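Below, all heavy atoms of this structure are taken into account, side chains as well, without hydrogens, waters or symmetry copies. The chain is numbered in sequence order, starting from 1. Owing to the predicted nature of the structure, the values given are computational and were not obtained by experimental measurement.
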Amino acid sequence: MLENKTYVPTLAVRASEMNGLEFLPGATKDRMTPCFLLAPWANSNTLERTITRVERSFPNRPYFLDIDRDYDFTNLESGPQQELSRLMLPENSFENWVNFVGEHANLWPCVQTTGQSETEIRAQIEAFQSFGRPYCMRIVRDRFPSNINEIVGAFAAGGAADFIIILEGGWTRDPLSLAVWFNGLLAEALQDIDATVPVVLSCTSMPKMFSDFNSTAPVPVAFNNRRLIDQVARNSNRARVIYGDWGSTRPREVGGFANRPLDRIDYPTDSVWHIARNKDDEWDFRDAASAIVQSPVWDGNLGIWGEELIQQTTINEELGIDTAQKNVAARVNIHLHRQAFFGQPPMDPAAFDEDWQD
C-alpha cells in the first residue's frame, strides 16, 4: 500500500487547504495520499458537502479520512454538526462511522478507537476489510489513547498488508523535539506491529503568531520535519517511514483574530517558510508579494498556481492575493507541491499545464 507515494499530508477541511490542494497539478496529487479531517463545511446543510469538497480538490483518488476532534461544536441544532456528533458515538464498534465509510468508495478510514476494547476495534477493522478497503491506525500525541495496548492487539491480529500507521505529533515549536516520542512509540508500544507496515510521521511548526515579523526582507522560518523523519527512520526497524506534515497549516484552535491580521505573503521552499510582513512601512499584500518576488529565495519557475498568484499580486491585488485566506491557499499549494517532489530534479513546468476552471 502507498506504493509510489512519498507524502501523506494531514489536511483540515477548510477553504484555504482545499483551494491550495485543488489547484495543484494532477502529477503532484498523484505523488501523495492526504489524510483529511472530517468536519462540517461552512454554511452547508449536510456533512456530505464536506466529502463533495474533498473529492473536488482530490478527484478520482483514494484518501484517508479521520474525524476532526479539534472541531468546535458551536450549534448542535445544525444538521452537519449533529451528523458529525453521531459519527463519534462508540456504540456497536462505531457503527455510524462504519456505515458512513461504506457509502464513500474512495475513502480509506482511520479506525475509531476511543474507549474501545480489543474485540470492538477488531470488529471495526473486519468491517473495513469486508469493504475491501485499506485502513489506518492514527495515534495523536495530544490525545494519546489510554487503550493503546488494545489498539495494538487488534491491529497486530489483522496482518500487515492492508493498513498504515499515522503518528501525529500535532503542533510543536521544534519538530526535532518529538524524536523521543516517535522513537519510543515505535520501539515499545508498537513493537508487535509487523515491521513492513508503513508508518507516517507527521507534525507542524507553522508559527501561531506573526506580530514579531516586521522586516524589509522576507524572514526565514525553518521547519525540521525532514530531519526529524530521517533521524527516527535511522533508529527504527520499520521498512517504510513516510513523510507527513500539515501542508504548512496547523490544527484547529478555538477562537480567532480579534482584529484583521496585517497583510503578509508566505513563500515556502523545501525546508523554510519565508514570511514577508512589514508593520512599520504599512505593507499591503502587493508590497509583501513584491518583497518575495524580488528576493533571492523566489523561484518563479515551478509552473503552479500558488506562485502565479503571488506574481499576480505584485501587479494587482485583485488579480492575486487580497485576503489572508488566499495567502494561506497559495502557501499550501506551493508547500504541498514542493514536498511531493522533495529530492526530485526540477520538472519542466509545461508538464503541469492543465485546464483550470475558476
Side-chain angles (χ1 to χ4, degrees), residues 1-2 5 7-72 78-88 94 96-112 128 131 133-136 138 140 164 166 168 200 202 204 244-252 305-306 325-326 328-333 335-337 339-340 354 356-358:
M1 188 173 44
L2 296 182
K5 309 295 182 184
Y7 186 26
V8 179
T10 297
L11 296 174
V13 184
R14 298 176 289 208
S16 295
E17 285 94 325
M18 294 303 96
N19 288 334
L21 176 64
E22 179 177 359
F23 293 113
L24 281 173
T28 307
K29 296 177 187 179
D30 288 341
R31 298 180 65 86
M32 65 175 74
T33 301
C35 178
F36 296 101
L37 303 182
L38 180 67
W41 186 253
N43 301 317
S44 64
N45 56 11
T46 174
L47 200 57
E48 191 65 29
R49 177 72 178 84
T50 303
I51 299 298
T52 300
R53 187 64 185 90
V54 164
E55 296 190 352
R56 190 178 107 195
S57 296
F58 199 70
N60 306 314
R61 297 171 177 87
Y63 55 88
F64 292 104
L65 189 75
D66 200 1
I67 295 172
D68 191 341
R69 293 182 180 268
D70 291 319
Y71 179 76
D72 185 23
S78 155
Q81 292 191 31
Q82 290 178 359
E83 291 177 65
L84 186 65
S85 67
R86 285 195 291 271
L87 295 184
M88 294 181 174
F94 281 90
N96 293 341
W97 173 245
V98 170
N99 291 338
F100 183 86
V101 170
E103 294 168 359
H104 302 93
N106 288 327
L107 193 165
W108 292 354
C110 293
V111 176
Q112 303 303 306
F128 297 143
F131 297 156
R133 308 276 186 88
Y135 52 97
C136 175
R138 184 167 178 262
V140 179
I164 72 157
I166 297 178
E168 181 51 71
V200 177
S202 173
T204 180
D245 63 24
W246 280 71
S248 80
T249 68
R250 300 185 303 272
R252 295 180 192 267
W305 176 81
Q325 290 76 16
K326 287 183 181 179
V328 175
R331 182 186 77 213
V332 167
N333 181 265
H335 178 97
L336 291 176
H337 180 77
Q339 296 309 315
E354 297 183 19
W356 295 111
Q357 293 182 348
D358 290 334

Fill in the blank from the handout: Distance col, row L24:CG vs H335:NE2, nearest 0.5 angstrom, shows 11.0 Å

Handout entry: Full working for side chain to side chain contact (heavy atoms under 4.5 Å, CB included) between C110 and C35
Key = CA-CA 9 Å; C110 293; C35 178; 4.0 Å; yes

Problem - Rounded distance (nearest 0.5 Å) linking atom CD of Q325 with atom CD of E17 - result: 11.0 Å

Handout entry: Mutual orientation of the aromatic rings belonging to F100 and W97 [parallel < 30°, tilted 30-60°, perpendicular > 60°]
Key = parallel

Problem - Sidechain-backbone polar pair: R133 side chain, V101 backbone, donor-acceptor under 3.5 Å - result: yes

Handout entry: Any T204 side-chain heavy atom under 4.5 Å of P251 side chain
Key = yes

Fill in the blank from the handout: side chain to side chain contact (heavy atoms under 4.5 Å, CB included) with D70: of I67, D72, D68, only one passes, and it is D68

Practice task
Show your reasoning for whether side chain to side chain contact (heavy atoms under 4.5 Å, CB included) applies to V98 and F131.
Solution key: CA-CA 10 Å; V98 170; F131 297 156; 4.0 Å; yes

Practice task
Quick one: closest heavy-atom pair of Q112 and D66, and the distance?
Solution key: NE2-OD1, 2.8 Å

Exercise for the section: Answer yes if the side chains of S202 and E168 hold a donor-acceptor pair under 3.5 Å, and no otherwise. Expected result: yes

Exercise for the section: Output the distance between atom NZ (K5) and atom CG (D30), rounded to the nearest 0.5 Å. Expected result: 5.5 Å

Practice task
Return the minimal non-hydrogen interatomic distance between L37 and A12, and the atom names on each side.
Solution key: CB-CA, 4.3 Å

Exercise for the section: Decide yes or no for V332 and L21: does some side-chain heavy atom of the first lie under 4.5 Å from some side-chain heavy atom of the second? Expected result: no

Exercise for the section: Check the surroundings of atom CG in N99: do more than 12 heavy atoms from other residues, nucleotides or ligands lie under 6.0 Å from it? Expected result: yes

Exercise for the section: Check the side chains of N333 and E22 for a donor-acceptor pair under 3.5 angstrom, ignoring hydrogens and angles. Expected result: no

Problem - Side-chain heavy atoms of P40 within contact of S78, under 4.5 Å - result: no

Problem - T33/L2 under side chain to side chain contact (heavy atoms under 4.5 Å, CB included): CA gap, chis, key distance, verdict - result: CA-CA 8 Å; T33 301; L2 296 182; 3.6 Å; yes

Handout entry: R252 side chain reached by Y71 side chain, heavy atoms, under 4.5 Å
Key = yes

Problem - Polar contact flag, side-chain donor to acceptor under 3.5 angstrom, T52-R56 - result: no

Exercise for the section: State, to 0.1 Å, how close L47 and L87 come at their nearest heavy-atom pair, and which atoms those are. Expected result: CD2-CD1, 3.7 Å

Practice task
Give a yes or no on whether the backbone of M18 and the side-chain of S57 come within a donor-acceptor separation of less than 3.5 Å.
Solution key: yes

Completion exercise
Closest non-hydrogen atoms of L336 and G247, given as atom of the first, atom of the second and distance, are CD2-CA, 3.9 Å

Handout entry: R14-N19 side chain donor-acceptor pair, cut-off 3.5 Å
Key = no

Exercise for the section: Give a yes or no answer on whether the side chain of K326 reaches the backbone of S16 with a donor-acceptor pair at less than 3.5 Å. Expected result: no

Problem - Chi angles and distances behind the side chain to side chain contact (heavy atoms under 4.5 Å, CB included) call for R31, Q339 - result: CA-CA 10 Å; R31 298 180 65 86; Q339 296 309 315; over 6 Å; no

Exercise for the section: Quick one: closest heavy-atom pair of T50 and A39, and the distance? Expected result: OG1-O, 2.7 Å

Problem - From N106, T46, L65, residue fulfilling side chain to side chain contact (heavy atoms under 4.5 Å, CB included) relative to I51 - result: L65

Handout entry: CZ-OH distance between F128 and Y135, expressed to the nearest 0.5 angstrom
Key = 10.0 Å

Handout entry: Nearest heavy-atom neighbours spanning P109 and P134
Key = CD-O, 3.3 Å

Practice task
Decide yes or no for R61 and M32: does some side-chain heavy atom of the first lie under 4.5 Å from some side-chain heavy atom of the second?
Solution key: no

Handout entry: Passing candidate, ring-ring contact (aromatic ring centres under 6.0 Å, His included) with F36, options F64, W246, Y63, W41
Key = Y63

